[in-house]
There are 2 protein chains.
Amino acid sequence: MAGRRSGGRRATIHDVAAEAGISRGTVSRVLNNEPYVSDTARRAVQEAVAKVGYVRNAAARNLVTQRSRAIALIIHEPHSLVLEDSNIGNILIGTNSVLSGADHQLVTLMIDSQRDSDRVVEYLRGGFVDGAIILSARTGDPISAAIAEMDLPASMVGHPSDAPDIPFIGIDNRAAAEAIVRRLMATGRRRIGMLASGLDRDSGQDRLLGFTAALGDAYDPDLVVRHQFYSYAAGMEGMEELLARDPSIDGVFAASDAVAAGALDVLHRRGVVVPDDIGVIGFDDSSWALRCTPALSTVRQPAETLGGLAAQQVLDQLSGVDFERALILPTEIAWRESA
Amino acid sequence: MAGRRSGGRRATIHDVAAEAGISRGTVSRVLNNEPYVSDTARRAVQEAVAKVGYVRNAAARNLVTQRSRAIALIIHEPHSLVLEDSNIGNILIGTNSVLSGADHQLVTLMIDSQRDSDRVVEYLRGGFVDGAIILSARTGDPISAAIAEMDLPASMVGHPSDAPDIPFIGIDNRAAAEAIVRRLMATGRRRIGMLASGLDRDSGQDRLLGFTAALGDAYDPDLVVRHQFYSYAAGMEGMEELLARDPSIDGVFAASDAVAAGALDVLHRRGVVVPDDIGVIGFDDSSWALRCTPALSTVRQPAETLGGLAAQQVLDQLSGVDFERALILPTEIAWRESA
DNA sequence: TTGTAAGCGTTATCAA
DNA sequence: TTGATAACGCTTACAA
């Protein structure tokens, strides 16, 4: 399992016991910081461990304890997500920090093909981890189904409409979208369009719902352009399309900051002035928002907290304490110069 | 180790053997696709497996085979890297793809604190993985030292000056930097400055060396601003500083695209026209390059290939075949509008 | 407080 | 081609 040593086999508890002149049982007790061990024995073991260069074999330990102290974080579609968009980095940081505090190792698994998906299911089934956190799942995601079926402690960040019964944590995308679109309307805009993305996820769907709810009677289906990804490219293409459909448009709600950035660049090249001619708003408050010119008005997600609480949900299941299976965190509006 | 089943314990080879009415040895052979198994036995096992819902226990298997079929990819400093910069996404994609093809699971480990660092060393020592790929190591990195010491098959992307004897793969940062700076000089610039970053890594050091080499006698130490991170913020601060030091500057080499992007924005706000007043060049050809206005001239790194070959280096060590321990890949210049 | 010994679920050797 | 059986390295009753 571990890297083959250059020469000789690696030390076991057996060697430590022999070196220290005591039994393996006591060595194990020292290693696990258990009570009822004499100071003499403790010292002897510590010295022997150092001397023979002992390191615990995880496989053997996991086999008997039925635990690994590792938690998986599953990321779908590295292309569109890690590269282009979003708070994924902050989610990771929050998760890692909570897990680290509980002395669990975070292992990130990336799914980029059917083959990956199958292998990851094997990995989870095999017992390499005690639990899992699922990011950016789409409707019909086979991993989530497998996790639910194998009854592995888990938590989803976000919550696809058809998700199996797995605890989750998220934000109210619909309400947040509605709120920021209303604010855009309050600036006097009359013809507002939307660059919708990620409609195969709850986030995308709900942001669109919030948009239509805010517009009410003013809603014009013709002013919604759909795209698969939350990407910069989607923003560029979508904005071109929107301008083609209605040159008199004076407001745009982009489904994410990356999308908004693409839209802003198109507007800039076309000589359309933001926010004078068109007000633009985004969603996420990711690192894109402040890079945009002008700075983007957007919805701030508590990404790091989201990641941390997802980790906590998994740890709680592991320790058997009660916990809230459905968590919705509040968002806020970061109002800047783009609208 | 795995998630506790709702009720009853999970099926073992024992159960399968009993159900199929044959020995555990034969069951194991079927499971591992070994030869010398009758079709009758094979079918019986497959049916039994399905019936009792058997899944192999990885810990037990790893214990006896001394293998895990998993490879770690270690990322330092998620903040500055994953969020701000670079080709890390592409490296991941390349690594995952090669490992996936060899039926190995990629597990990404993030290091964000001393505590993380210690835990990761434990994880590696424990035998959870058969090998490791190290990204963005700095000089004096304890993880690399530990990996070298424990003799774990590994590969580094990049190569810190004091790195222990671990195979590596990288690009010639010095030559690439020199080449693009020469090209900038060829556009007639006279006062060229550099926004240097990551000087605690080989990449940062070498890019600076390439810069001074290209300038030769024209090199003015006063025109080099140093910053710790390859970040957008570093580019903004550095550019302000550079303009303060010498308003007549007419060329800038940024140590990365993110840094260049920050510099471009400062110039834009100051009303300095690029490339008319100042020519700006970057490094990486990351997703930043095309988002910049104007599009950034930069050095293209074969990031995905880098990741793939690092994975291959590890796999080669595992299989014991000969391989090249020091790989340097060629780069090319992507010349666009910023210079 | 310590030692003994029985597993944990596989794979792998050796006979049959 | 198959079946016993001995490891693999550790934890954990149970006895002492």
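Naming: A, B, ... by sequence-line order, numbering from 1 per chain.
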### Task
State whether a side-chain donor-acceptor pair under 3.5 Å links Asn32(A) with Arg56(A).
yes
### Message
When you compare the side chains of Asp130(B) and Ser68(B), does any donor N or O come within less than 3.5 Å of an acceptor on the partner?
### Response
yes
### Task
Let me have a per-nucleotide readout for nucleotides 8-16 of chain C, 5' to 3', with B, S or -, counting only protein heavy atoms under 4.0 Å.
BBBBBB---
### Task
Verify whether one side chain among Arg119(A) and Ser100(B) offers a donor that lies under 3.5 Å from an acceptor in the other.
yes
### Task
Walking along DNA chain D from 5' to 3', note the first and the last nucleotide with an atom under 4.0 Å from a heavy atom of chain A, and give both.
dG9(D) to dA13(D)
### Query
For the side chain of Gln317(B) and the backbone of Ala154(B), is there at least one donor-acceptor N/O pair under 3.5 Å apart?
yes
### Query
Are any of the side-chain heavy atoms of Phe128(B) and Val129(A) separated by less than 4.5 Å?
no
### Query
So does Arg115(A) pair up with Asp118(A), basic N to acidic O under 4.0 Å?
no
#### Entry: Ala41(A) versus Ile22(A), closest heavy-atom pair with distance
O-CD1, 4.3 Å
